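So you know, we letter chains A, B, ... as the sequences are listed, proteins then strands, and number each from 1. None of these values were measured; they are calculated from a predicted model.
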Number of protein chains: 2
Amino acid sequence: MSRKKRAGLDTDAVVQEAIQLADELGYDKLTLAALAARLGIKTPSLYNHIQGLDDLRQRMAIHGLEGLYSALLHAVKLDAGNPIQAVAEAYVAFADENPGVYAASLLAPDAQVPRWQELGEQIVQLISNLAEPYSLEPDEVIHWVRGFRSMLHGFASLRQAGGFGMPIALDESLQYMVKTYMRGAQPQR
Amino acid sequence: MSRKKRAGLDTDAVVQEAIQLADELGYDKLTLAALAARLGIKTPSLYNHIQGLDDLRQRMAIHGLEGLYSALLHAVKLDAGNPIQAVAEAYVAFADENPGVYAASLLAPDAQVPRWQELGEQIVQLISNLAEPYSLEPDEVIHWVRGFRSMLHGFASLRQAGGFGMPIALDESLQYMVKTYMRGAQPQR
DNA sequence: AAATACAAACTAACATCATTAGTTTATTTT
DNA sequence: AAAATAAACTAATGATGTTAGTTTGTATTT
């Protein structure tokens, strides 16, 4: 059952180390050479576990979406008071703490990989559920979800890129943004 | 006054061609080799006009911000009816039509380059002006601007990355998002 | 008009990177 | 113990960015 090979390496260990490296160096600075060195093997040996750089990035993307989904789910379960704010904070925190894998998760999903598509749908579903209190039309729910995701990704992305200049009171900015979007979605009386 | 050299090339022509190439191939696929070939010169000759790939990307970023600012300004001047929606549409359209240069414009501004900082501030100022009707406190204006930029960048970025799945009714989604944010920012009566 | 200066092209060379092919070796299975 | 297999290796190739040093065409100066 348990096959042990020379260095105890398998695909998952390689991807895991790649994620860690990408978080440290930045997604675009991740190289197979650096990864191999870190694992104590030569670059070509990586091809025993992954198909190449593109394949590695795909696997990182899937790990990223799994982590993100898990973080969002956890936020919903924990904070029942204001799930929308909780999800927003969890989303941004995840991107902040796992910049490498978050960048990978933005890769255009390959339709050939069902798990990929599936994870995307799960995340959309989770966010859709957040819109329930607003009693929106089905079409509007789609718009609401797209808007919410845009806000969160945009905020996380700009923040990561240093696009906000001085990083002062960013938490308040996130809160304000989400609060404002929520208030705007509320039925007008 | 007018110096003509061998191939009529100058820094600006190189950057211009690089932008065009990046828009065609994608920002990350832009290589000095491809750029040189397109200009009919050898790769090292590029170094007579630019300092290297990083320098080229910086120049592309500045051109991108100039183009973006210009597009937003134009939208404000033209559509006096709903300047916020007009700016949002102009922003997303610019990112859509100039994907390469828009990607470049997201580079973290180098504090050593004044023009860069300056353009960022101009864009922030332009967006700040949009918040005037809401009579917000100074702190709130900052939050409002950050939120608005996050929405627009997130929308443009996710759309570009194919993150929205089926690209159905994206214009309506953008309208909904902006409308909702606007409504939420309105003083409650 | 001839000489000089200079900018912009070139060739040659190097380091790094991803990738493929073929080989060795350690572990597992028979 | 022998055979099979998986995972490491070496060697080699083609791209890429970059630097150094050289040639050459245009512009300026004499």
Cation-pi between A:R146 and B:F164: NZ/CZ under 6.0 Å from ring centre and within 45° of the ring axis?
yes
Does NZ or CZ of A:R57 lie under 6.0 Å from the centre of the six-membered ring of A:Y27, at an angle within 45° of the ring axis?
yes
Calculate, to the nearest 0.5 Å, the distance between atoms CZ and CD1 belonging to B:F148 and B:I127 respectively.
6.0 Å
To the nearest angstrom, the CG-P distance between B:L39 and C:dA9 comes to 9 Å
Considering only side-chain heavy atoms of B:I41, which listed nucleotide, C:dA9, C:dC17, D:dC9, is closest?
C:dA9
My understanding is that only residues two or more places apart in sequence, or in another chain, count here; which of them pass salt bridge (Lys or Arg N to Asp or Glu O under 4.0 Å) with A:D96?
A:R159
Near DNA chain D, which residues from residues 11-24 of chain B have a heavy atom under 4.0 Å away?
none
For residues 60-72 of chain A, run the donor-acceptor check on the side chains, cut-off 3.5 Å, and write out each pair with its distance to 0.1 Å, sequence neighbours left out.
unit_1, atom_1, unit_2, atom_2, d
A:E66, OE2, A:R115, NE, 3.2
A:E66, OE2, A:R115, NH2, 2.9

Would one find a side-chain N or O of B:H49 under 4.0 angstrom from OP1 or OP2 of C:dA9?
yes
Rounded to whole Å, how long is the line connecting atom NZ of B:K42 with atom P of D:dT16?
14 Å
Are A:L130 and A:L78 co-members of a hydrophobic cluster defined by side-chain heavy atoms under 4.5 Å apart?
no
Calculate the interatomic distance between B:K29 atom NZ and D:dG17 atom P; express it in whole Å.
14 Å
Rounded distance in Å - CG (A:L56) to C1' (C:dA18)
12 Å
Show the distances under 3.5 angstrom between N or O atoms of the protein and N or O atoms of nucleotides 18-21 of chain D.
unit_1, atom_1, unit_2, atom_2, d
D:dT18, OP2, B:Y47, OH, 2.6
D:dT18, OP2, B:L53, N, 2.8
D:dT18, O5', B:Y47, OH, 2.9

Sequence neighbours excluded - ring pair (Phe, Tyr, Trp, His ring centres under 6.0 Å) pairs with any residue from residues 77-101 of chain A:
A:Y91-A:Y102
For A:L9 and D:dA8, what is the distance between atoms CG and C1' respectively, to the nearest whole Å?
10 Å
Could you tell me whether A:S45 contacts a base, only the sugar-phosphate backbone, or nothing, with contacts defined as non-hydrogen atoms closer than 4.0 Å?
base
How close or far is atom C1' of C:dT20 from atom CD1 of A:I50, stated in whole angstroms?
14 Å
According to side-chain contact (heavy atoms from CB on, under 4.5 Å), who are the partners of B:S157, at least two apart in sequence or on a separate chain?
A:H153, B:H153
Could you give the CG-to-P distance, from A:L35 to C:dT16, as a whole number of Å?
18 Å
Quick one: does A:N48 reach the base of D:dA6 with a side-chain donor-acceptor pair under 3.5 Å?
no
Checking A:N98 side chain against A:V101 main chain: does a donor-acceptor pair fall under 3.5 Å?
no
